[in-house]
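Structure, as structure tokens:
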Amino acid sequence: MADYRDALSAAFPEPDERFVRAFEQTLTDIARQKGSRGASIKRRTMVLVAALVLLAAIGVAEGLRSGVLQMLAYDMLAAWGKVQPEAQQLVTPQQSSVTTERMNVALTEALYDGSTVRFVYTVTLRGATERLTEETMNDPDGAFMRAVTADGISLWGPDGFTLNGEDISMTGGSRSSAAPGEQPGQAVCFVEIQLASEGIVPKGKFTLEAPIFYGASKGKVLTIALDADHLPGVRNLTPAAPIRQDGVTITLHSAMQSPIRFYIDYQVDLDEGAPERIMRDWMGATIVDAAGKPVFTSGGSLSWGPAAQDADESRHARIHNEYAMDNAVPDKLYFAPDKGDGDFIAGDAFVADMDRAIALAPQGGK
């Protein structure tokens, strides 16, 4: 796997100053929380993606509206903000709010699309007279960040959450971002929490408590109310059982089409003695139509790592992919590996191997 790591390193250049500043601010915020709420191993994924998503907010001159779809539009690429018409039907207004010594914190909207919970909350400094900029929002010596720190508020979401009363560590693939809001002294915070990829499938009406507070405000939570039975435009395409092929087992933990994203979370386990080339083929797998043409133009792997804590990731890997719903989706879909004639990491064109492709068909429940 050394050649993979070398190729990946070459594919990603040194980040610019804006990225470094955003990433360092994220780590600083988490460091302030350490010891107050505990740390989750899966938080690492959220930290890295949070810093990436922060680039979306960098350079935004105007304050953001506090709606979940508006914040979604400021993701890493413009295409990621595109959604299907049913998306608005998934949005649920929220009422939960918390007042701390210096700040007002309020949920505005949330949605659940069969795979991921997304929500937006605002953090507003009382008495502020000027709108924040990206620089003043992140300035640790500025009035806003001093108040955020003193009151123990996270702008980057929680380390974990409570679902219907059950405490759960932050799931892999989850992420967050923050940007200046429309009101004076206001930041708008956006959080995505993966559920289906971890086998978490709520039924009916459910509540999710987000403990974004620590230190002086420890114990306070924002409570999100959602309904898993009303999901317009959502299709569950997850196969019921793992798929055995020559030298490998492919387990699709979740394959979900929603008006927001197409999600696929899968595990690749090579047999003893099977060539590592098979792993490379499945690392580059994507969603295709019946002719083997990739369906989505924007998307790819958000997280990749060992299938278990002590597993050899070159032979037992778990991968989470998301694709933007930026075009129409055909009824017949397949999850196909690369044919193996090129090198997708090096930028070679993807060629679907339809002989090994997995058909994705609607399942019961959604």
Side-chain angles (χ1 to χ4, degrees), residues 1-13 76-80 82 173 197 235 237-239 241-258 261-271 273-307 312-362:
M1 292 295 288
D3 56 334
Y4 293 128
R5 296 188 177 95
D6 292 343
L8 283 170
S9 296
F12 295 96
M76 292 168 63
L77 298 172
W80 285 102
K82 297 180 180 179
S197 63
R235 291 202 302 166
L237 306 174
T238 310
I243 292 89
R244 277 290 304 161
Q245 295 182 355
D246 186 21
V248 67
T249 298
I250 309 298
T251 304
L252 272 66
H253 293 285
S254 176
M256 194 78 66
Q257 176 186 335
S258 89
R261 297 278 190 270
F262 192 103
Y263 309 90
I264 190 156
D265 188 272
Y266 66 105
Q267 184 170 322
V268 183
D269 293 292
L270 296 187
D271 294 350
E276 289 190 4
R277 179 72 206 197
I278 297 175
M279 177 64 75
R280 174 177 287 189
D281 296 345
W282 281 101
M283 282 174 62
T286 193
I287 307 299
V288 300
D289 61 18
K293 180 181 178 181
V295 172
F296 303 104
T297 59
S298 300
S301 178
L302 285 183
S303 63
W304 172 68
D312 177 0
E313 63 186 28
S314 69
R315 304 194 66 81
H316 304 278
R318 183 154 180 175
I319 303 167
H320 176 79
N321 290 356
E322 290 187 16
Y323 304 91
M325 298 296 290
D326 54 355
N327 59 317
V329 179
D331 289 334
K332 292 185 178 181
L333 296 172
Y334 300 83
F335 187 50
D338 198 348
K339 205 172 185 71
D341 297 331
D343 186 344
F344 81 95
I345 293 178
D348 292 343
F350 171 83
V351 179
D353 187 341
M354 296 305 289
D355 291 335
R356 291 186 287 168
I358 300 170
L360 302 178

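Excluded from the calculations below are hydrogen atoms, water molecules and symmetry mates; all remaining heavy atoms, backbone and side chain alike, are included. Note that this is a predicted model, so its numbers are computed, not measured.
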Find out whether T249 and R244 are in side-chain contact, i.e. whether some heavy atom of one side chain is under 4.5 Å from a heavy atom of the other. yes
Which pair of non-hydrogen atoms, one from A336 and one from M354, has the smallest distance, and what is that distance? CB-SD, 4.3 Å
To the nearest 0.5 Å, tell me how far D338 CG sits from T286 OG1. 10.0 Å
Hey, what do you get for CG (L360) to NZ (K332), rounding to the nearest 0.5 Å? 13.0 Å
In this structure, which one of H316, R318, H253 forms a side-chain hydrogen bond (donor to acceptor under 3.5 Å, both in side chains) with Q267? H253
Separation between CD1 of I358 and CD1 of I287, rounded to the nearest 0.5 Å: 9.5 Å
Looking only at heavy atoms, what is the nearest atom pair of P330 and D289, with distance? CG-CB, 4.2 Å
Using modelled atom types only, decide if a donor and an acceptor are shared between the side chain of R261 and the backbone of M325 within a distance under 3.5 Å. no
Of all the heavy-atom pairs spanning A285 and Y323, show the shortest one and how long it is. O-OH, 3.8 Å
So, T238 side chain and A255 main chain: donor-acceptor pair closer than 3.5 Å or not? yes
pair Y266-N321: side-chain heavy atoms closer than 4.5 Å: yes
If you define the side chain from C-beta out and look only at heavy atoms, does anything of I278 sit under 4.5 Å from Q245? no
Least distance between heavy atoms, R315 atom then G273 atom: NH2-N, 3.6 Å
How many angstroms lie between CD1 in I243 and CG in L252, if you round to the nearest 0.5 Å? 5.5 Å
Check the pair I319 / W282 against side chain to side chain contact (heavy atoms under 4.5 Å, CB included), numbers first and verdict last. CA-CA 10 Å; I319 303 167; W282 281 101; over 6 Å; no
Charged N to carboxylate O under 4.0 angstrom, R356 versus D353? yes
Working to the nearest 0.5 angstrom, can you tell me the gap between D312 CG and L270 CG? 9.0 Å
Rounding to 0.5 Å, atoms CZ (F335) and CG (L237) come to a distance of 12.5 Å
Is a side-chain donor-acceptor pair under 3.5 Å present for Y263 with D265? no
Worked check of side chain to side chain contact (heavy atoms under 4.5 Å, CB included) between R235 and L333: CA-CA 12 Å; R235 291 202 302 166; L333 296 172; 3.8 Å; yes
On a heavy-atom basis, which atom in A328 and which in V295 lie closest, and how many Å separate them? O-CG1, 4.5 Å
For P294 and F350, the nearest pair of non-hydrogen atoms, with its separation, is CG-CD2, 3.9 Å
